[in-house]
Amino acid sequence: MSMDSNIFERMMRKNRIFKNRDVLRHSYTPENLPHRRKQIETLASFLLPALNGETPSNILVYGKTGTGKTATVKYVGKQLEEAGRNLKVNCYVHYLNCEIIDTQYRVLATLAKALGRNVPMTGWPTDQVYEEVKNAIDEKDQTIIIVLDEIDKLVRKGDEVLYNLSRINSELKNARVSIIGISNDLKFKNFLDPRVISSLSEEEIVFPPYNAEQLQDILIQRAELAFYEGVLDEDVIPYCAALAAQEHGDARKALDLLRVSGEIAEMENSDKITREHVKAAVRKIEADHVIEAVRTLPTQTKLVLYSIILLHENGKRKSTTGEVYAVYRSLCKRLSLDILTQRRVSDLLSELDMLGIINSIIISKGRYGRTREIQLDVPAKPIKDVILDDYRLEALKKMEKSFRSIITLEVFDYTNQKF
DNA sequence: CCTCCACCGGAAAGCCGGGTCA
DNA sequence: TGACCCGGCTTTCCGGTGGAGG
């Protein structure tokens with residue numbers, strides 16, 4: 001047996017790439033944030049009053065994804081709490097991500113929990129939870145900073161919470177509250193009550209995208225911690241940075257690219273990461289993203305998507321809502337599933353569009369009406385496989401042979417009805 | 001220039017499964 | 001236990017509309 005096939009030898013070589021891959025993950029908050037000095041200092045100066053027992057202004061933080069908003073706010077928040085401890089001032093930061101905690105009720109309930117109150121995650125009237133939060137905060141002389149990350153996600157569901165929270169100070173005797181809202185959507189203010197806007201955005205901080213050079217600095221800093229020396233080909237970092245810079249200077253994307261490149265190199269038992277690995281990473285990230293999105297779709301939506309794929313495979317590269325619905329309905333009947341209304345299917349199609357799985361535009365065919373023109377935007381094969389993984393749709397596998405006739409029949413019937 | 005198709009998409013309301021409370 | 005509440009999904013109803021064909 002040659003040395004090369006010794007299992008330990010191979011494993012040793014496998015570990016030659018990553019020293020610590022976690023520093024490339026989203027959850028990692030670095031010790032220092034390159035090119036964000038100005039934002040850190042501004043934010044800190046806004047929060048400074050908290051240490052004197054005064055109320056800091058409410059702050060809105062803007063910037064696209066991967067511009068360091070969350071990392072910066074968390075970093076400054078940590079520093080503030082630390083300073084509070086040293087100076088014996090009650091000063092606490094509560095971080096909420098509104099993408100996960102995405103309703104009025106849940107925001108309040110989570111806050112109440114963080115403040116040590118026992119509130120069920122569902123059940124109570126919202127007002128009552130608000131009272132509970134208010135009382136918990138006012139229990140002692142303290143400053144509470146509430147960070148609402150992805151605040152735009154919350155606004156879509158009504159601004160009552162924001163209205164209440166932004167005026168909570170007038171109802172407090174002992175404590176002070178200030179809110180930091182983080183958003184990557186500059187337009188989200190349009191959905192807000194003007195009063196809420198003015199009170200929420202007493203101060204604003206904008207995070208500009210990173211340029212390619214700055215992204216390189218970030219990557220170099222992380223790569224040092226993540227990889228063993230000499231693993232990276234010299235053009236890998238500039239390449240990752242350039243790719244991410246093309247997409248609105250997204251540092252998260254850049255780090256993903258670097259990590260996945262490393263993982264691919266590791267899998268190939270290569271002891272170097274090359275430009276080719278980065279190219280492969282681009283493809284892998286894209287594909288994984290779509291597959292994962294499809295897998296987590298509700299069954300009905302999968303069936304709608306499947307109908308589009310069937311039409312596509314049978315020579316209809318572009319189909320309309322009506323055609324898709326006809327095929328969908330016939331599949332439902334055969335699977336004896338409930339049939340959704342066309343109105344609902346129309347919404348499901350918009351969702352698929354937003355996920356980037358299909359491409360749909362609304363066109364007018366004049367006399368022949370207005371409809372969506374739907375195209376499949378991703379390779380059909382892997383998507384089909386994922387859909388068939390759904391146990392409620394397993395029966396589709398046995399129907400392969402009748403698909404052709406479903407298509408011709410349904411679409412024919414459907415167009416026939418119209419004339 | 002008007003019509004009228006085949007849908008779009010907003011609003012409202014219903015249903016359901018999760019939960020609490022007294 | 002029954003009276004509530006919440007959120008997600010769905011149905012019902014309906015007014016709106018770009019542009020090919022008359």
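Per chain, numbering begins at 1; letters A, B, ... match sequence-line order. Because the structure is a prediction, the values reported are computed rather than measured. Excluded from the calculations below are hydrogen atoms, water molecules and symmetry mates; all remaining heavy atoms, backbone and side chain alike, are included.
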**Q** If you compare every side-chain N and O of A/Thr341 against the phosphate oxygens of C/dT11 (OP1, OP2), does one of them come in below 4.0 Å?
**A**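 For C/dT11, OP1 or OP2 has a side-chain N or O of A/Thr341 closer than 4.0 Å.
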**Q** Check each of A/Val386, A/Val304, A/Leu355 against A/Leu297 using the side-chain contact (heavy atoms from CB on, under 4.5 Å) test, and report the only one that passes.
**A**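 The side-chain contact (heavy atoms from CB on, under 4.5 Å) with A/Leu297 is passed solely by A/Leu355 among A/Val386, A/Val304, A/Leu355.
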**Q** On the side chain of A/Arg344, is there an atom forming a donor-acceptor pair with the base of C/dT11 - under 3.5 Å, no angle test?
**A**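 There is none.
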**Q** Report the nucleotide, chosen from B/dA6, C/dT11, C/dC6, that has the shortest atom-to-atom distance to any side-chain atom of A/Leu340.
**A**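 Given the options B/dA6, C/dT11, C/dC6, the side chain of A/Leu340 is closest to C/dT11.
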**Q** In whole Å, what is the span from the CD1 atom of A/Ile361 to the P atom of C/dT17?
**A**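 Whole-Å distance recorded here is 19 Å.
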**Q** Hey, are A/Lys381 and A/Glu313 close enough for a salt bridge, meaning a charged N less than 4.0 Å from a carboxylate O?
**A**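 No, no charged N to carboxylate O under 4.0 Å.
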**Q** Quick one: which of C/dT11, B/dG9, C/dA20 gets closest to the side chain of A/Ile362?
**A**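 The closest nucleotide is B/dG9.
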**Q** OP1 or OP2 of C/dG7 versus the side-chain N and O atoms of A/Thr103: is any pair under 4.0 Å?
**A**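 Indeed, a polar side-chain atom of A/Thr103 lies that close.
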**Q** For the residue pair A/Arg404 / A/Asn314, report whether a side-chain donor-acceptor contact shorter than 3.5 Å exists.
**A**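 A/Arg404 and A/Asn314 do have a side-chain donor-acceptor pair below 3.5 Å.
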**Q** Could you tell me whether the phosphate oxygens of B/dA6, OP1 or OP2, come under 4.0 Å of any side-chain nitrogen or oxygen in A/Thr321?
**A**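 Answer no for this pair, as no side-chain N or O of A/Thr321 is under 4.0 Å from OP1 or OP2.
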**Q** Rounded to whole angstroms, how far apart are CZ on A/Arg372 and C1' on B/dC5?
**A**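 It works out to 17 Å between those atoms.
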**Q** Looking across every strand, which nucleic acid part, if any, lies under 4.0 Å from A/Arg343 by heavy atom: base, sugar-phosphate, or nothing?
**A**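 Touches a base.
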**Q** How many Å lie between CD on A/Glu132 and C1' on B/dT20, as a whole number?
**A**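 Those two atoms, CD and C1', are 14 Å apart.
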**Q** Mind calculating the distance between CD (A/Gln300) and P (C/dG8) to the nearest angstrom?
**A**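 Taking CD of A/Gln300 and P of C/dG8, I get 19 Å after rounding.
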**Q** Kindly give the heavy-atom pair with the smallest separation between A/Lys365 and A/Thr371, and that separation in Å.
**A**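 Taking every non-hydrogen atom into account, CE-CG2, 4.2 Å.
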**Q** Rounded to whole angstroms, how far apart are CG on A/Asp353 and P on B/dG9?
**A**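 A/Asp353 atom CG is separated from B/dG9 atom P by 10 Å.
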**Q** For the side chain of A/Arg370, counting heavy atoms from C-beta on, which of B/dC4, B/dG9, C/dG16 is nearest?
**A**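 For the A/Arg370 side chain, the nearest candidate turns out to be C/dG16.
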**Q** Where is the tightest heavy-atom contact between A/Ile339 and A/Tyr325, given as atom of each residue plus distance?
**A**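 In this case the closest contact between A/Ile339 and A/Tyr325 is CG2-OH, 3.8 Å.
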**Q** Rounding to an integer number of Å, can you tell me how far A/Trp124 CH2 sits from C/dC4 P?
**A**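 Computing the A/Trp124:CH2 to C/dC4:P distance gives 19 Å.
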**Q** Using whole Å, what does the distance between atom P of nucleotide C/dG18 and atom CZ of A/Arg367 come to?
**A**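 Atom-to-atom, A/Arg367 to C/dG18, this comes out as 17 Å.
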**Q** Please work out if A/Ile339 contacts a base, only the sugar-phosphate, or nothing of the nucleic acid, heavy-atom cut-off 4.0 Å.
**A**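 A/Ile339: backbone/sugar contact only, no base atoms under 4.0 Å.
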**Q** I want to confirm an ordering. Mapping A/Tyr105 and A/Ser364 to their closest nucleotides on DNA chain C, which one lands closer to the 5' end?
**A**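 Going by which nucleotide is closer to the 5' end, it is A/Tyr105.
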**Q** For A/Asp347 and B/dG10, give me the distance from atom CG to atom P, rounded to whole Å.
**A**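 After rounding, the reported distance stands at 8 Å.
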**Q** What nucleotide, of B/dG9, C/dG21, C/dG8, holds the atom closest to the side chain of A/Arg106?
**A**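 Closest nucleotide to the A/Arg106 side chain: C/dG8.
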